[in-house]
Amino acid sequence: PIDISEKDLIAAVAGLRPEFNRVSSLKTLLQRGSKQAPQVLSNAILDTSAPTELRSMAAVALGRDTTQEKVLLKSIETNKDPAVLRRIAQSLGRIGTPESLDTLRQIRLRPGSLYAENVLFACTLISCRYGLGQYLMQRPAKDDILKLDERRGVDLEFEQLAPNDVKETL
């Protein structure tokens, strides 16, 4: 929706203009650098009836603005969709403060889930950023470290350059 007004884009993101795609409208609004984008993003991420893709995009965009930490923290309480929660955790890892760390610690995590991994990584990032040392990444077990598979590798061979080639290159 390139030629529609900002007012119509905002209405489309809110679901009030069904003839326009909500996600495309949000993308356009963000590309235009709308001053109303933070409020639109806040409304979008808190609207649990909005499509997952829209709420996920809002979480990512909010994670680029350090003033939006409280909105992300509030959205953890309202969102139950694992894909959206993962994006919120990633964004908090990017901009979160120790306040975020306190909230993230209280989340019940299912071990091994992608959401749990994102929450723990966000905690690690925040902890390292503020020098808290509470969450440190564990060293992987020897069996978990990827081994180089020689069948997938490509041997590289380099030719010896002649002195004239070196002069031309410099």
Side-chain angles (χ1 to χ4, degrees), residues 1-138 140 144:
I2 295 173
D3 58 342
I4 53 176
S5 70
E6 184 170 310
K7 180 180 174 184
D8 286 336
L9 284 172
I10 292 169
V13 172
L16 303 174
R17 295 289 305 267
E19 67 270 26
F20 299 119
N21 180 291
R22 293 175 78 175
V23 174
S24 297
S25 297
L26 181 58
K27 284 180 187 176
T28 303
L29 195 66
L30 292 172
Q31 288 170 346
R32 289 183 183 178
S34 170
K35 291 182 180 181
Q36 294 186 16
Q39 185 60 49
V40 172
L41 292 167
S42 176
N43 293 342
I45 199 169
L46 295 171
D47 178 3
T48 55
S49 66
T52 297
E53 186 180 2
L54 181 76
R55 289 180 289 138
S56 294
M57 183 186 299
V60 170
L62 288 166
R64 294 183 181 131
D65 182 351
T66 56
T67 65
Q68 299 301 315
E69 179 184 21
K70 291 195 184 319
V71 173
L72 289 166
L73 291 172
K74 184 177 180 183
S75 66
I76 287 176
E77 299 167 11
T78 61
N79 279 286
K80 302 298 178 220
D81 186 324
V84 177
L85 290 170
R86 281 187 25 241
R87 294 297 185 196
I88 293 169
Q90 291 168 352
S91 290
L92 286 171
R94 223 176 282 123
I95 66 168
T97 63
E99 180 184 348
S100 295
L101 193 57
D102 292 339
T103 301
L104 290 170
R105 272 192 207 128
Q106 297 171 12
I107 296 173
R108 293 178 195 221
L109 301 173
R110 194 177 78 237
S113 71
L114 283 173
Y115 177 51
E117 289 177 16
N118 280 276
V119 168
L120 293 174
F121 190 64
C123 290
T124 301
L125 291 173
I126 295 167
S127 181
C128 289
R129 185 178 314 117
Y130 289 93
L132 303 175
Q134 296 168 343
Y135 287 85
L136 299 175
M137 295 183 72
Q138 297 177 354
D144 292 340

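All values below come from the heavy atoms of this structure, side chains included, with hydrogens, waters and symmetry mates left out. Everything numeric in this text was worked out from a predicted model, so none of it was measured. Throughout, numbering of the chain's residues begins at 1 and tracks the sequence.
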Colleague: Can you find a heavy atom in the side chain of Leu41 that is under 4.5 Å from one in the side chain of Gln68?
Modeller: no
Colleague: Heavy atoms only: give me the nearest Ile126-Thr97 pair and the separation to one decimal.
Modeller: CG2-O, 3.5 Å
Colleague: Enter the distance from Asn118:CG to Leu125:CG here, rounded to the nearest 0.5 Å.
Modeller: 10.0 Å
Colleague: Should Ile88 and Val84 count as side-chain neighbours, where that means a heavy-atom distance under 4.5 Å?
Modeller: yes
Colleague: Heavy atoms, side chains only, cut-off 4.5 Å: are Leu54 and Asp47 in contact?
Modeller: no
Colleague: Backbone N or O of Ser34 within a donor-acceptor pair of the Glu6 side chain at under 3.5 Å?
Modeller: no
Colleague: With distance as the sole test, does Ser113 use its side chain to make a donor-acceptor pair with the main-chain N or O of Arg110 at under 3.5 Å?
Modeller: yes
Colleague: How many angstroms lie between CZ in Arg64 and CD1 in Ile95, if you round to the nearest 0.5 Å?
Modeller: 11.5 Å
Colleague: Could you please spell out the steps behind the side chain to side chain contact (heavy atoms under 4.5 Å, CB included) verdict for Val40 and Leu9?
Modeller: CA-CA 10 Å; Val40 172; Leu9 284 172; over 6 Å; no
Colleague: Determine the minimum heavy-atom distance between Ala58 and Leu26, stating which atoms define it.
Modeller: N-CD2, 4.3 Å
Colleague: How long is the straight-line distance from CZ of Arg17 back to CG of Asp8, given to the nearest 0.5 Å?
Modeller: 4.0 Å
Colleague: Which heavy atom of Arg129 sits nearest a heavy atom of Arg94, and at what distance?
Modeller: NH2-O, 3.1 Å
Colleague: Please say whether more than 12 non-hydrogen atoms of neighbouring residues, nucleotides or ligands are located less than 6.0 Å from CD in Glu53.
Modeller: no
Colleague: Please report the shortest heavy-atom distance between Leu114 and Arg86, naming the atom on each side.
Modeller: CB-CD, 3.4 Å
Colleague: Using atom types as modelled and distance alone, determine if a side-chain donor or acceptor of Arg22 lies under 3.5 Å from a backbone N or O of Ala44.
Modeller: no
Colleague: Between CG of Leu92 and CG of Leu72, what distance do you get to the nearest 0.5 Å?
Modeller: 5.0 Å
Colleague: Would you confirm whether Ser127, through its side chain, and Thr124, through its main-chain N or O, come within 3.5 Å as a donor-acceptor pair?
Modeller: no
Colleague: Would you indicate whether the side-chain heavy atoms of Thr28 and Ile4 approach each other to under 4.5 Å?
Modeller: no
Colleague: To the nearest 0.5 Å, what is the distance between CZ on Arg87 and CZ on Arg55?
Modeller: 13.0 Å
Colleague: Testing the basics here: between Ser25 and Phe20, what is the closest heavy-atom pair and its distance to 0.1 Å?
Modeller: OG-CB, 3.7 Å
Colleague: Quick check against the 3.5 Å criterion: does Ser91 have a side-chain atom that pairs as donor or acceptor with the backbone of Ala59?
Modeller: yes
Colleague: Quick one: pull up CZ in Arg105 and OG1 in Thr103 and give me the separation to the nearest 0.5 Å.
Modeller: 10.0 Å
Colleague: Any side-chain heavy atom of Tyr115 within less than 4.5 Å of one from Ile107?
Modeller: yes
Colleague: Can a donor-acceptor pair be found between the side chains of Gln39 and Asn43 at a distance below 3.5 Å?
Modeller: yes
Colleague: Check for a donor-acceptor pair, side chain of Asp81 on one end and backbone N or O of Ala83 on the other, with a separation under 3.5 Å.
Modeller: yes
Colleague: List the atom of Val71, the atom of Ser42, and the distance in Å for their closest heavy-atom pair.
Modeller: CG1-OG, 3.6 Å
